[in-house]
Amino acid sequence: MRNVGGERRYPTIARVRLPLDTVLLARYLIGKLLVRETGNGTLSGRIVETEAYPIGDAASHAHRGMTLRNRALFLSRGHAYIYIAYGTSSMVNVSSEAVGVGAGVLIRALEPLDGIASMQRNRGVESVRDLARGPGRLAAALEVDRSQDGIDLCRPGPLRLARDDQASPEIGVSRRIGLSRETERLLRFYVRGSPFVSGPKRLNL
DNA sequence: AGTGCGATTGACT
DNA sequence: GTCAATCGCACTA
């Protein structure tokens with residue numbers, strides 16, 4: 001979506017447009033845009049991979065109740081929950097239910113759009129394909145960390161969601177990645193055929 | 001105050 | 001394909 005000046009526009013997504021269900025939201029977010037405004041300009045990417053962590057899911061950080069770390073999961077749908085995994089990688093999630101209900105959608109990969117040169121600098125990597133292929137990588141590329149935890153992604157600000165008027169991509173479904181206590185439910189969604197999707201090949205068919 | 005564990009990544013065989 | 005680095009945080013006492 002570009003205007004005549006060639007600059008991409010990022011229309012925000014009203015909260016009421018977000019599905020009121022974690023799994024539906026995970027699917028809905030495929031093809032939408034994640035936009036990061038920094039002092040040095042705009043960084044953005046198309047969401048090509050998500051995972052749902054719904055109500056009652058034993059693997060969800062919200063499963064054992066609200067804590068200092070996970071409280072953003074209990075905000076109304078469309079707020080950022082950001083945490084650090086393995087001491088080094090920040091993970092970007094979207095809260096996905098009503099206020100007081102803990103659930104979220106993990107954004108696992110982006111197709112880089114604007115600010116690619118900045119992302120390459122942030123990641124120390126040239127390959128555009130590898131800039132945001134993986135949850136920790138995309139956070140590093142977009143300069144996202146715990147200081148954006150709790151931000152409303154449905155309002156203008158340093159981190160937000162945006163629409164993109166493109167043909168709806170073909171969405172694939174698989175089990176989730178990287179969980180030790182694996183559930184059998186199909187809670188991972190991705191753009192079929194996209195080179196920007198993470199995960200083993202057999203899960204991306 | 002101490003312990004154990006990851007919703008990962010990058011380096012390596 | 002394997003494997004270890006790394007540290008914030010929840011949990012136990």
Side-chain angles (χ1 to χ4, degrees), chain A residues 21-30 34 45 47-75 77-97 101-110 112 119-151 153 159 161 172-191 195-205:
Chain A
D21 172 274
T22 303
V23 178
L24 293 180
L25 179 63
R27 180 184 283 271
Y28 171 88
L29 288 177
I30 296 294
L34 186 63
I47 297 170
V48 296
E49 182 182 355
T50 62
E51 282 179 355
Y53 289 83
I55 298 169
D57 172 20
S60 167
H61 286 181
H63 187 243
R64 282 188 268 245
M66 184 160 36
T67 67
L68 194 57
R69 171 175 73 157
N70 71 13
R71 60 188 176 182
L73 278 178
F74 294 80
L75 298 173
R77 66 195 190 281
H79 286 81
Y81 164 51
I82 295 158
Y83 72 94
I84 299 176
Y86 296 96
T88 50
S89 302
S90 295
M91 305 280 137
V92 179
N93 300 257
V94 182
S95 68
S96 55
E97 299 283 345
V101 179
V105 173
L106 171 68
I107 301 179
R108 286 195 56 92
L110 302 177
M119 295 190 211
Q120 288 169 320
R121 178 160 22 85
N122 293 338
R123 289 266 295 114
V125 165
E126 286 293 308
S127 161
V128 174
R129 183 170 106 96
D130 295 333
L131 287 181
R133 188 167 52 86
R137 291 168 173 176
L138 79 85
L142 296 191
E143 303 174 30
V144 172
D145 57 36
R146 281 274 297 172
S147 62
Q148 284 85 45
D149 185 53
I151 280 180
L153 299 171
L159 188 65
L161 295 167
V173 185
S174 82
R175 70 169 182 79
R176 296 179 293 188
I177 293 176
L179 299 184
S180 48
R181 32 183 183 181
E182 188 47 76
T183 68
E184 301 174 25
R185 301 173 61 186
L186 300 177
L187 296 175
R188 173 175 175 265
F189 301 90
Y190 58 94
V191 175
F196 301 99
V197 169
S198 77
K201 213 174 290 182
R202 62 185 183 80
L203 290 185
N204 294 333
L205 299 176

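Sequence lines set the chain letters: A, B, ... in the order given, protein chains first and strands last, and positions in each chain run from 1. FYI, side chains are in, hydrogens and waters are out, and symmetry mates aren't considered; it's all heavy atoms of this structure. Model, not experiment: these values are computed from the prediction.
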>> Counting runs of three or more consecutive pairs, Watson-Crick or G-U wobble, with each distance below 3.5 Å, where are the stems of DNA chain B?
In response: B:1-6 with C:7-12, B:8-12 with C:1-5

>> Distance check needed: B:dT8 C1' versus A:Leu106 CG, whole Å only.
In response: 11 Å

> Ring of A:Tyr53 versus six-membered ring of B:dA7: centres under 5.5 Å and planes under 30°?
Replying inline: yes

>> Expressed as a whole number of angstroms, how long is the span from A:His63:NE2 to B:dA7:C1'?
In response: 15 Å

>> Can you tell me which residue among A:Val92, A:Val48, A:Leu138, A:Leu131 is in a side chain to side chain contact (heavy atoms under 4.5 Å, CB included) with A:Leu110?
In response: A:Leu138

> Roughly how many Å is it from OH in A:Tyr81 to C1' in C:dC9, rounded to a whole number?
Replying inline: 10 Å

> Atom CD of A:Glu49 to atom C1' of B:dA7: distance rounded to whole Å?
Replying inline: 11 Å

> For the pair made of CG in A:Leu138 and P in B:dT8, what is the distance, rounded to whole Å?
Replying inline: 12 Å

> Counting just side-chain N and O atoms, does A:Arg133 come under 4.0 Å of either OP1 or OP2 of B:dT9?
Replying inline: no

> Which one, C:dC9, B:dA7, C:dG8, comes nearest to the side chain of A:Leu73?
Replying inline: B:dA7

> Which of the following nucleotides, B:dA7, C:dG8, B:dT9, is nearest to the side chain of A:Leu179?
Replying inline: B:dA7

> Does the side chain of A:Arg137 get closer than 4.0 angstrom to OP1 or OP2 of B:dG10 through an N or O atom?
Replying inline: yes

> Is there a donor in the side chain of A:Asn122 and an acceptor in the side chain of A:Arg137, or the other way round, less than 3.5 Å apart?
Replying inline: no

> Within 45° of the six-membered ring axis of A:Phe196 and under 6.0 Å from that ring's centre, is NZ or CZ of A:Arg133 located there?
Replying inline: no

> Rounded to the Å, how far apart are A:His61 NE2 and B:dA7 C1'?
Replying inline: 5 Å

> Thinking salt bridges, do A:Asp57 and A:Arg176 make one under a 4.0 Å N-O criterion?
Replying inline: yes

> Can you check the A:Tyr86 OH to C:dA4 P distance for me, whole Å?
Replying inline: 14 Å

> Is any side-chain N of the basic residue among A:Glu97 and A:Arg77 closer than 4.0 Å to the acidic one's carboxylate O?
Replying inline: no

Do any N or O atoms of the protein come closer than 3.5 Å to N or O atoms of nucleotides 10-13 of chain C, and which pairs are they?
from	atom 1	to	atom 2	distance (Å)
C:dA10	OP1	A:Thr67	OG1	2.6
C:dA10	OP1	A:Arg69	N	3.1

>> Using the rule given for ring pair (Phe, Tyr, Trp, His ring centres under 6.0 Å), can you reason through A:Tyr83 versus A:His61, listing the C-alpha separation, both sets of side-chain angles and the distance that settles it, and then say yes or no?
In response: CA-CA 10 Å; A:Tyr83 72 94; A:His61 286 181; 4.4 Å; yes

>> Expressed as a whole number of angstroms, how long is the span from A:Arg123:CZ to B:dT8:P?
In response: 14 Å

